[in-house]
Number of protein chains: 2
Amino acid sequence: MMYAMELRLLRSFVVVADELNVGRAATRLHLTQPSLSRQIAALEHDLGVELFARVKKRFVLTAAGESFLVDARQLLERADEAVRDAQRVHRGELGTLRLRFVQSATFEVLPRLLGAFRAANPDVVLDLETMTTIRQTEALREGRIDVGLFRLGVARGLETRVISRDPLVAALPTVHRLARRKRISLADLAEDPFVLYTRATGPTVFDTIVGHCRAAGFEPEVTQEAADVQTIVSLVAAGLGVSLLVAPTPRIDPEAVVYRELSDDLPPWELSVAWSPENRSPVLARFLDLVRGPETR
Amino acid sequence: MMYAMELRLLRSFVVVADELNVGRAATRLHLTQPSLSRQIAALEHDLGVELFARVKKRFVLTAAGESFLVDARQLLERADEAVRDAQRVHRGELGTLRLRFVQSATFEVLPRLLGAFRAANPDVVLDLETMTTIRQTEALREGRIDVGLFRLGVARGLETRVISRDPLVAALPTVHRLARRKRISLADLAEDPFVLYTRATGPTVFDTIVGHCRAAGFEPEVTQEAADVQTIVSLVAAGLGVSLLVAPTPRIDPEAVVYRELSDDLPPWELSVAWSPENRSPVLARFLDLVRGPETR
DNA sequence: AGAGTTGATACGCACGATGCATGATGTACG
DNA sequence: CGTACATCATGCATCGTGCGTATCAACTCT
């Protein structure tokens, strides 16, 4: 069905229904009385229904008019809301930010970032999940997510910015012979069994650590692999071996595990924000303002 | 804030968003491409927000466009609904019928009437309540209710139509000396105590019954009054006296109370529908179609 | 490189909404 | 009871705006 009905007619109708007097309503609408009279007539013609009963030159809403008034008010209200929402989405105040991150970002960087973003954009829905580095870059390129947080690696076709440089530390069981030392060197651990990230899920982490060991003159004996930090720390606590982790580290089992600085001059482990330059999401823009702003100083 | 936004623009926007091709969308809308192009531009100008990203002469919805599309669809949907509802209200298919009735209508007439009306108008909300005759006529004149159902009395300024003529019957305790007789005359009850409707709430009922008794040659001894039929029947069941009621009668205490026809040639007790001729409610019109239709044969 | 799409812009026209003047009808009040 | 006032509808001229035709500009595909 094709109605010629327009919001302009609804706006007029609501005012006339409010005043129940065409002349006064016309003044409020900056129109003349005849013009408004014809608008109402046109609306009634469109609907095929009388909205006002002209009883003795006086306007009264009909039952159909009462019903339509309620709906017209709601309609105008919702139209305004739709406009406001579109504008807010445009400004990035409203929408969804799809953010993925590696586990080691969860301990310090992520809470700090999200806290600041939440405060500035309370109406943005945050779609959060952990994801490995490789899958993040894929998802970013295909536009399935907006922001990635991962360590190492240049991502072709993606923009990145380092937001944190964190040292590697050694995780030792409290009962370990070196646990009393404040700093240790990698070479000290040459004979120890290692617990490391599963190579299958993220080869860079595994390979980099093994590379550091070789540079220190030994081939690490990896007795156990695990897919997440928590498990690795638990295994270290249980005495299955030592490990190398990125600081800040999880505070589980503080009685059973200690973290020690490394005296070796290892390059810092960089945490980067990554996004696609093709992604025009205003919410992403807001997020990047936050990330780039303070760092550009 | 004054938006020039009109539904016409929304209708166009939805189609363009659907096709993502101005030319094809224009064909569907029976417009030319330039015209539609300008409509979209005008809409974007109104909102102050780009709805489409023109990337390489190809249309893609922006985030704001996505948001606005959802709302625009909903808005158009609701606009149609508002029109349909107004039309249904006009036809009396939608709305409220405010119906009041005296107690004696509840046993047979009311269920029959409402059953038929409900079947024909399932979306009309029925606002039902018992109300005394006098208060019904007041409420009808003041437009507070649509239909009244009461007995006796001409109501000035109201239209009425008799829909049921019911005989008076005598209510006797089962243990009464006349309970075995099939028909009795009023004069037989000359010495019995009477239980009647409270005169204060409805004088016509009380006075008419007393009038019948006098015509039968005795002054009834009213030992007890009560405001509703149920109570009266209970009192008769308890042996406090006899009563005269309109048939059909409530089926409470069938062991303790019997109803007997009267041999006197009393005028039937008429039940009327009443309404105000000023009331333009389409729902009322539908109701009257039902009431008048079958009766006019 | 050239043909074919596709969206934006220019220009003239025509329809429609507006304002002014007036008519029709009802109300208030002396 | 009649006249002045109020209120909504209608006739008519005008102005604005949205539309179509023609054309341009930019990108795609072969």
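These numbers come from the heavy atoms of this one structure, side chains and all, not from hydrogens, waters or symmetry mates.
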Report the distance from atom [atom1] of [X] to atom [atom2] of [N], rounded to the nearest whole Å.
{"X": "B:Glu19", "N": "C:dT5", "atom1": "CD", "atom2": "C1'", "result": "15 Å"}
{"X": "B:Leu43", "N": "D:dG18", "atom1": "CG", "atom2": "C1'", "result": "15 Å"}
{"X": "A:Phe59", "N": "D:dA6", "atom1": "CZ", "atom2": "C1'", "result": "14 Å"}
{"X": "A:Glu6", "N": "C:dG16", "atom1": "CD", "atom2": "P", "result": "14 Å"}
{"X": "A:Leu31", "N": "C:dA17", "atom1": "CG", "atom2": "C1'", "result": "10 Å"}
{"X": "B:Ile40", "N": "D:dG18", "atom1": "CD1", "atom2": "C1'", "result": "14 Å"}
{"X": "A:Phe52", "N": "D:dC8", "atom1": "CZ", "atom2": "P", "result": "10 Å"}
{"X": "B:Gln33", "N": "C:dG7", "atom1": "CD", "atom2": "P", "result": "7 Å"}

If you pin A:Pro34 and A:Arg8 to their nearest nucleotides in DNA chain C, which one's is more 5'?
->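 Checking each residue's closest nucleotide, the 5'-ward one belongs to A:Arg8.
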Does A:Arg38 get its side chain close enough to the base of D:dG11, under 3.5 Å, for a donor-acceptor pair?
->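 In this structure, the two groups form a donor-acceptor pair.
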Which one, C:dG7, D:dC19, C:dT18, comes nearest to the side chain of B:Ser37?
->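 Out of C:dG7, D:dC19, C:dT18, the nucleotide with an atom closest to B:Ser37's side chain is C:dG7.
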Which nucleotide sits closest to the side chain of A:Arg24: C:dC20, C:dG7, D:dT7?
->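 It is D:dT7.
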May I ask you to verify if any side-chain N or O of [X] is less than 4.0 angstrom from the OP1 or OP2 atom of [N]?
{"X": "B:Ser35", "N": "D:dG18", "value": "no"}
{"X": "B:Thr32", "N": "D:dC19", "value": "no"}
{"X": "B:Asn21", "N": "C:dT5", "value": "no"}
{"X": "A:Arg54", "N": "C:dA24", "value": "no"}

Which is true for A:Gln39 with a 4.0 Å heavy-atom rule: it touches a base, it touches only sugar-phosphate, or it touches nothing?
->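 Sugar-phosphate: the residue A:Gln39, judged by heavy atoms under 4.0 Å, touches backbone atoms but no base.
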Evaluate the criterion side chain to side chain donor-acceptor pair (under 3.5 Å) for residue pair B:Arg151 and B:Ser104; output intermediate values, then yes/no.
-> CA-CA 9 Å; B:Arg151 297 180 185 277; B:Ser104 62; 2.6 Å; yes
Please lay out, stage by stage, how A:Ile163 and A:Leu113 fare under the test side chain to side chain contact (heavy atoms under 4.5 Å, CB included).
-> CA-CA 10 Å; A:Ile163 51 163; A:Leu113 261 182; 3.8 Å; yes
A:Arg98 pairs by side chain to side chain donor-acceptor pair (under 3.5 Å) with which of A:Asn279, A:Asp146, A:Asp127?
->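 The single option meeting the side chain to side chain donor-acceptor pair (under 3.5 Å) with A:Arg98 is A:Asp146.
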What pair of heavy atoms forms the shortest contact from B:Glu270 to B:Val162, and how long is it?
->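 Shortest heavy-atom contact: OE1-CG2, 3.6 Å.
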Would you confirm whether the ring centroid of A:Phe150 sits within less than 6.0 angstrom of the ring centroid of A:Phe101?
->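 So the answer is no for these two rings.
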